[in-house]
Amino acid sequence: MSDLKDARVLIAGGGIGGVANALALSQKGARVTLFERAPEFGEVGAGLQIGPHGSRILQSLGVYDEVISKGVLPKNLVFRDAVTSEILTKVNLGHDYQQHYGGVYFVVHRSDLHSVLVEAARKAGADLRVSSTVQDVITEGDTVRVILEDGSEHVGDVALGMDGLHSRLRPKLHDDKPVGSGYVAFRGTFPMNEVPLEEEIEDVVGYIGPRCHFIQYPLRNGEMLNQVAVFQSPAFLRGEEKWGSPEELAHAYDHCHDSVKEALKYLWTDRWWPMFDRDPVDNWVDGRMLLLGDAAHPPLQYLASGAVMALEDARCLADYAAEDLRGDTKNWPKILRDVNAERAPRCNRILTVGRMWGDLWHLDGAGREARNELFRIRDTSSYKYTDWLWGYSSDRTR
C-alpha cells in the first residue's frame, strides 16, 4: 500500500467529519489544509452516542483511548414507553456485544471528541485554519481551486466539501433544500448531583411515545447527565415558518409519565434545534470535489450515526486513496467515484431507515400498542437486525 506523500487535499468545514478526514489523510502523508468559517474550533451541542462502527475507526486513527477516557461506556440501551415508563426492551452492550462487533458502544460530549480530533490532526501535520469561509470550489484539469469569501485562492489535487447541512457547495451538484421533520430537540447537560433521580443512570435510556421521545445518559465519567427532549412542533403542523419554542416544550409532554415530566426541568431553554435532514442523493462528486459528512448525507438522529458516518467517510477515503493513488494525481477522479459508490448506498440507507425509526418511536393508539408488543417479545440474543448498522466496514477485503 502506498502513502499519500505530497497529495494536496483541501477541506471545507471543520466539524467532526472535516477534522477526522484531515487526521486520516495526514496520517497517510497527505498535505491537508482545512478551512473552518468559525473564529475558533468547537462543537455546539451536548452528548453523542458512538456505536462500535465508530469506536473501531477511532482505534484505527489512534485516538480511541483518549476519547474513551472522556466518555462513558453504558451498560445497556434501554427503551421505555414514555406514557407508562414501562421497560419495553434492552440491548446489552457488554462482553458478547463487544465481541460480536469488535468494538464498544460509548457516549461522549461532542466537544470532547472534536477537541481530541483537532489536536491529533494538528500533530499529524494538518493545517487547520479558522475564520476561513469557502465560497466556491472549481476543478481545472488535474487541480482544484478553493476560493474563500475574502477572495483568496488555494490550489490542491482534490477538495472535500464538508460544510454541513446548509452546505454552500452542495448546490453545485443538487438543487435541493434541507427537509424539516416537524420535530424539534431541546438539550441539556447538568451535573449529575444537581438532578434528582429515582435511580442512578448507567444506561442510554430512551422514552418513546406519541409525538415525542426523551433520551437520558451519563457523560464525563458519570459526572454529568445529558438529556434530549424531541417532540412534534404544533407550529410546524400549522405551516408556520418558525417552529419549536420553549412555549411548545411546556406542554409537549403533558401525556407522558411523571418521571419524564420532572426531568424536563433540566434542559436548556435559551436554544433549541429544529430537526432537518435531506433527501438521499446518489452523486456526491463534482469534478475533483467530493461532498462528505452532513453536506452529503445529513440524517435525523434516530440511529445515532451522524458523527459515525463522518468517521466512516474519513476511513474510507484515506484507505482508498492510499491504495489507488500510487503517486499519480490523475487517479483522484477514480478514487472519488469509488468512495462515492461505496458510501452513498450505506449512508442513504441510514437516512431512510432513520426516518422510519422516528415514525416508529412516535406512534400513538393501536400502532403504539403493536410496537410495544414487538419490542417486548424481540429476541434479545439476536443481532439479525443490527448487523447492517453496527457491523459495517468499507474495507475492500471484507
Side-chain angles (χ1 to χ4, degrees), residues 44-51 68 70-94 97 104-113 183-232 244 246 249-250 252-273 275 300-307 354 357-358 360-362 368 371-372 375:
V44 178
L48 278 178
Q49 300 178 55
I50 305 291
I68 284 292
K70 300 175 182 293
V72 173
L73 271 65
K75 295 182 178 180
N76 303 279
L77 300 179
V78 180
F79 289 90
R80 290 178 176 263
D81 184 277
V83 177
T84 66
S85 192
E86 173 198 356
I87 293 177
L88 302 175
T89 192
K90 293 184 178 182
V91 178
N92 188 312
L93 303 175
Y97 176 93
V104 302
Y105 195 108
F106 72 97
V107 292
V108 67
H109 199 287
R110 179 181 290 270
S111 63
D112 290 341
L113 172 60
Y183 282 77
V184 59
F186 282 74
R187 297 183 170 95
T189 57
F190 289 82
M192 192 72 76
N193 59 14
E194 293 183 6
V195 185
L197 297 170
E198 294 181 1
E199 57 187 32
E200 184 179 0
I201 295 180
E202 298 180 314
D203 302 317
V204 174
V205 182
Y207 293 83
I208 55 177
R211 302 171 301 283
C212 68
H213 70 268
F214 188 77
I215 308 294
Q216 296 176 308
Y217 53 83
L219 283 178
R220 290 182 172 160
N221 299 306
E223 296 176 359
M224 302 291 291
L225 176 66
N226 184 76
Q227 299 194 129
V228 186
V230 176
F231 62 89
Q232 189 176 52
L249 171 66
Y253 293 84
D254 285 351
H255 58 298
C256 293
H257 192 269
D258 285 346
S259 59
V260 175
K261 288 187 281 190
E262 285 298 311
L264 296 175
K265 299 174 184 177
Y266 299 90
L267 295 170
W268 303 317
T269 54
D270 60 341
R271 73 203 94 162
W272 53 91
W273 290 262
M275 290 171 52
L300 299 176
Q301 85 275 35
Y302 299 106
L303 295 178
S305 288
W357 199 229
L360 184 70
W361 283 14
H362 299 142
R368 167 176 163 256
R371 177 208 63 210
N372 285 359
F375 276 36

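Computed from a predicted model, the values in this text were never measured in an experiment. Counting from 1, the numbers follow the sequence of the chain as shown.
- Closest approach of Y302 to G354, counting heavy atoms only: CD1-O, 3.2 Å.
- Of the candidates V91, I201, D203, D203 is the only one forming a side-chain contact (heavy atoms from CB on, under 4.5 Å) with V78.
- Residues F231 and V184 are in side-chain contact: their nearest non-hydrogen atoms beyond the backbone lie under 4.5 Å apart.
- Smallest separation of non-hydrogen atoms from N226 and A46: OD1-CB, 3.0 Å.
- Put simply, the side chain of S259 reaches to within 4.5 Å of the side chain of Y207, judged on heavy atoms.
- Between N92 and Y97, the shortest heavy-atom contact is O-CB, 3.3 Å.
- Among residues two or more places apart in sequence or in another chain, the salt bridge (charged side-chain N to carboxylate O under 4.0 Å, His left out) test is passed with D81 by R368, R371.
- Taking each heavy atom of F186 and L249 in turn, the nearest pair found is CD2-CD2, 3.8 Å.
- Residues K75 and E202 have side chains in contact (heavy-atom distance under 4.5 Å, counting atoms from C-beta outward).
- Residues I208 and L88 have side chains in contact (heavy-atom distance under 4.5 Å, counting atoms from C-beta outward).
- Considering only heavy atoms from C-beta on, K90 comes within 4.5 Å of I87 through its side chain.
- When the options V204, V72, L225 are evaluated for a side-chain contact (heavy atoms from CB on, under 4.5 Å) with Y217, the one that passes is V204.
- Note: L303 CG to Q49 CD = 10.5 Å, rounded to the nearest 0.5 Å.
- By the 30° and 60° cut-offs, the orientation of the rings of W357 relative to F79 is perpendicular.
- Aromatic pair H213/Y183: ring centres not closer than 6.0 Å.
- Remark: T189 OG1 to E223 CD distance equals 12.5 Å, nearest 0.5 Å.
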May I have the list of side-chain donor-acceptor pairs in residues 262-273 shorter than 3.5 Å, sequence neighbours left out?
unit_1: E262; atom_1: OE1; unit_2: K265; atom_2: NZ; d: 2.9
unit_1: W272; atom_1: NE1; unit_2: G244; atom_2: O; d: 2.8

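- Under a 3.5 Å cut-off, the side chain of H109 and the backbone N or O of L48 do not form any donor-acceptor pair.
- When the salt bridge (charged side-chain N to carboxylate O under 4.0 Å, His left out) test is applied to D258, the partners found at least two apart in sequence or on another chain are K261.
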